[in-house]
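The model shown is predicted, which means the values in this text are computed figures rather than measured ones. Chain naming here is simple, since letters A, B, ... match the order of the sequence lines and numbering starts at 1 in each.
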Number of protein chains: 2
Amino acid sequence: MSLRYALIALLTGRSMTGYDISKSFSRSVAHVWHAPDSQIYPELNRMERDGLLTSVEVPWGKKGTKKEYHVTDAGLADFRAWMESPLVPQRQRDPAYLKAAYFDFADPAAVREQLRQQQAYWEEQLRMLEGTRATLLDRSHPTLAARLSTLNERDAELAVRYKVYAYDGLIARARTELAWIADGFALLEELHGR
Amino acid sequence: MSLRYALIALLTGRSMTGYDISKSFSRSVAHVWHAPDSQIYPELNRMERDGLLTSVEVPWGKKGTKKEYHVTDAGLADFRAWMESPLVPQRQRDPAYLKAAYFDFADPAAVREQLRQQQAYWEEQLRMLEGTRATLLDRSHPTLAARLSTLNERDAELAVRYKVYAYDGLIARARTELAWIADGFALLEELHGR
DNA sequence: GGGAGCATGTAACGAGTTACATGATTGT
DNA sequence: ACAATCATGTAACTCGTTACATGCTCCC
């Protein structure tokens, strides 16, 4: 159900086509929420059917058209209601921790390799998060900039601060993962030598 | 697919019935992996069909019976193969961060209430994780103890250390969440006053 | 003319959730 | 006798993934 609200959240910034949204998802927003095309297009259709969005056909080239989606008042009301509804805590279900608990079943070399891959992943993740955080702070982030132009300075300040806050949380999480992976290397060395 | 390996992991400790497993899941193991009964029983059946487990009917009372599952050699081989296969990084998809990025759409009082709920959840989580970590360290954790009794001291040491390592990661994660929530309270106060 | 990228999906499947269903046993 | 808990599921549904499908446009 959150995909729906992630889409509204994005569209409050500016109106977009399904394709734009899909690109936004795989670029910056993917840090907060990931979704493939095959999930986005059908969901946009359902949301339009439910009255949360409206779309206008925009000509594209000579023959083509594309649909630009806009959030309706009902959509915004729904979004606000969700924002204020209690958050159901996420179940813990992370294969990385499951595996770590049973590393003694695997070859130490294979474990080391997996730690290296995880490390590369989280370092890349951290780099992207810090990059996006910077574009939020200096207000150059395209979707944020579009939304800020419709707000007064006080509201713009709030929007920026909360987004930076969310990214600070994601950055802290990435650093925690990296610290845990570093501990993993140290543990491997202690138990099996280098 | 990880549910399957979480089940094998548990059953390497000791043989259990579906019910025992379901209880283990909702008690300690739930920190690493959660699954409801309705997912566990069918999966056990599929795993038996696939030759990863065998079961023996154990009498229970006068009329009842229960099925005790054991990991087969094929099951153990499958588990080891999974343990050494590369880990596919989890997509980021956490409603808490999505919401936080858009807190400016919600009433500050509602935001404060949500932070309080999240705080209570993570504090409880942390308390349980630290409790379980202690029972792993002193080897009183029932499933771990059962498995240790089949191992020599060197292998027992490895099994304990890796499990503690996994819990250390989960504990660090919980602390990171709590620190982020504390920052959220501070931010709310700064932006909206107390 | 050809390749990169724009634009929009469908189909099949797997994983996970929620609600429901049923009966036996053990302890008070 | 009654409650708690042991024991094992099914059914319907939602959400997400993977693979495939199709055609246009813009720029070189």
Side-chain angles (χ1 to χ4, degrees), chain A residues 1-7 10-11 15-27 29-30 32-50 53 55-69 82 87-95 98, chain B residues 1-7 11 15-27 29-30 32-50 53 55-69 82 87-95 98 142:
Chain A
M1 199 78 281
S2 294
L3 171 61
R4 172 161 292 206
Y5 299 110
L7 292 171
L10 254 187
L11 290 169
S15 300
M16 284 192 257
T17 65
Y19 187 81
D20 294 334
I21 291 172
S22 158
K23 287 304 118 177
S24 292
F25 263 65
S26 54
R27 283 196 264 271
V29 196
V32 191
W33 203 270
H34 163 85
D37 303 6
S38 62
Q39 217 189 339
I40 291 173
Y41 288 109
E43 183 64 24
L44 287 171
N45 284 330
R46 277 191 293 270
M47 289 167 74
E48 189 174 9
R49 188 200 59 201
D50 294 349
L53 303 178
S55 65
V56 264
E57 294 271 335
V58 175
W60 171 61
K62 302 194 255 305
K63 289 199 279 182
T65 58
K66 54 186 182 177
K67 273 163 91 177
E68 205 171 57
Y69 287 97
W82 176 73
L87 189 56
V88 284
Q90 287 298 94
R91 312 287 194 174
Q92 299 295 332
R93 208 181 282 117
D94 188 334
L98 176 59
Chain B
M1 201 78 276
S2 293
L3 170 62
R4 172 162 292 207
Y5 299 110
L7 291 172
L11 289 169
S15 299
M16 283 192 258
T17 64
Y19 187 82
D20 294 335
I21 291 172
S22 158
K23 288 303 119 176
S24 293
F25 263 65
S26 54
R27 284 196 263 271
V29 196
V32 190
W33 203 270
H34 164 85
D37 303 6
S38 62
Q39 216 188 340
I40 291 172
Y41 287 109
E43 184 63 25
L44 287 171
N45 284 329
R46 277 190 294 270
M47 289 167 74
E48 189 173 9
R49 188 200 60 202
D50 294 350
L53 303 178
S55 65
V56 261
E57 295 271 335
V58 174
W60 170 63
K62 299 194 258 302
K63 289 198 279 183
T65 58
K66 54 185 182 176
K67 273 163 90 177
E68 205 172 58
Y69 287 97
W82 176 74
L87 189 55
V88 284
Q90 286 298 95
R91 312 286 196 175
Q92 298 296 330
R93 208 181 283 116
D94 189 333
L98 176 59

Discussion item. Would you compute the distance between atom CG of B/Asp20 and atom NZ of B/Lys66 and round it to the nearest 0.5 angstrom?
Written reply: 6.0 Å

Worksheet item: Does a side-chain heavy-atom distance below 4.5 Å link B/Glu68 with B/Met16?
Response: no

Please output the side-chain donor-acceptor pairs of residues 32-42 of chain B that fall under 3.5 Å, not counting sequence neighbours, one pair per line with the distance.
unit_1, atom_1, unit_2, atom_2, d
B/Asp37, OD1, B/Ser22, OG, 2.7
B/Tyr41, OH, B/Tyr19, N, 3.3

Worksheet item: Once you round to the nearest 0.5 Å, how far does CD of B/Glu48 lie from CZ of B/Arg46?
Response: 13.0 Å

Discussion item. Applying a 4.0 Å non-hydrogen cut-off, can you work out what B/Asn45 is touching in the nucleic acid: base, sugar-phosphate, or nothing?
Written reply: sugar-phosphate

Worksheet item: Taking CZ from A/Phe25 and P from D/dT17, how many angstroms apart are they, rounded to a whole number?
Response: 12 Å

Worksheet item: Are the side chains of B/Ile21 and B/Val29 in touch, meaning some heavy atoms are under 4.5 Å apart?
Response: no

Discussion item. Quick check: on DNA chain C, is the nucleotide nearest A/Ser38 upstream (toward 5') of the one nearest A/Lys66, or the reverse? Name the residue that is more 5'.
Written reply: A/Lys66

Worksheet item: When the distance from OH of A/Tyr69 to C1' of C/dG9 is rounded to whole Å, what number comes out?
Response: 11 Å

Item to complete: Kindly compute the distance separating CG (A/Leu10) from OH (A/Tyr69), expressed to the nearest 0.5 Å.
Response: 14.0 Å

Discussion item. Nearest 0.5 Å, please: how far is OG1 in B/Thr17 from CH2 in B/Trp60?
Written reply: 9.5 Å

Worksheet item: If you check the B/Lys67 side chain, which of D/dG9, C/dT10, D/dA7 turns out closest?
Response: D/dG9

Item to complete: Taking only the side-chain heavy atoms of A/Lys63 (C-beta and beyond), determine which of D/dT25, D/dT8, C/dA24 contains the nearest atom.
Response: D/dT25

Distances for protein N/O vs nucleotides 12-16 of chain D N/O pairs under 3.5 angstrom?
unit_1, atom_1, unit_2, atom_2, d
D/dC15, OP1, A/Met1, N, 3.2
D/dG16, OP2, A/Gln39, NE2, 2.7
D/dG16, O3', B/Arg93, NH1, 3.4
D/dG16, O3', B/Arg93, NH2, 3.3

Worksheet item: How long is the line joining OH of B/Tyr41 and P of D/dA11, in whole Å?
Response: 17 Å

Worksheet item: From C/dC6, D/dA7, D/dT10, pick the nucleotide closest to the side chain of B/Tyr19?
Response: D/dA7

Discussion item. If I take atom CE in residue B/Met47 and atom C1' in nucleotide C/dG14, what distance separates them, rounded to the nearest angstrom?
Written reply: 16 Å

Item to complete: Specify the residue among B/Pro42 and B/Lys23 whose closest nucleotide of DNA chain D lies further upstream toward the 5′ end.
Response: B/Lys23

Worksheet item: Heavy-atom distance under 4.5 Å between the side chains of A/Glu43 and A/Leu53, does that happen here?
Response: no

Discussion item. Counting the atoms with a prime plus P, OP1 and OP2 as sugar-phosphate, which does B/Asp20 contact under 4.0 Å by heavy atoms, base, sugar-phosphate, or nothing?
Written reply: sugar-phosphate

So which protein nitrogen or oxygen atoms get under 3.5 Å of nucleotides 26-28 of chain C's nitrogens or oxygens?
none

Worksheet item: What is the distance, rounded to the nearest whole Å, between atom CD1 of B/Ile40 and atom P of D/dT10?
Response: 14 Å

Worksheet item: Would a 4.5 Å heavy-atom cut-off, applied to side chains only, mark B/Arg4 and B/Asp50 as touching?
Response: yes

Response to the item:
To the nearest angstrom, the CG-P distance between A/Asp37 and D/dG23 comes to 18 Å

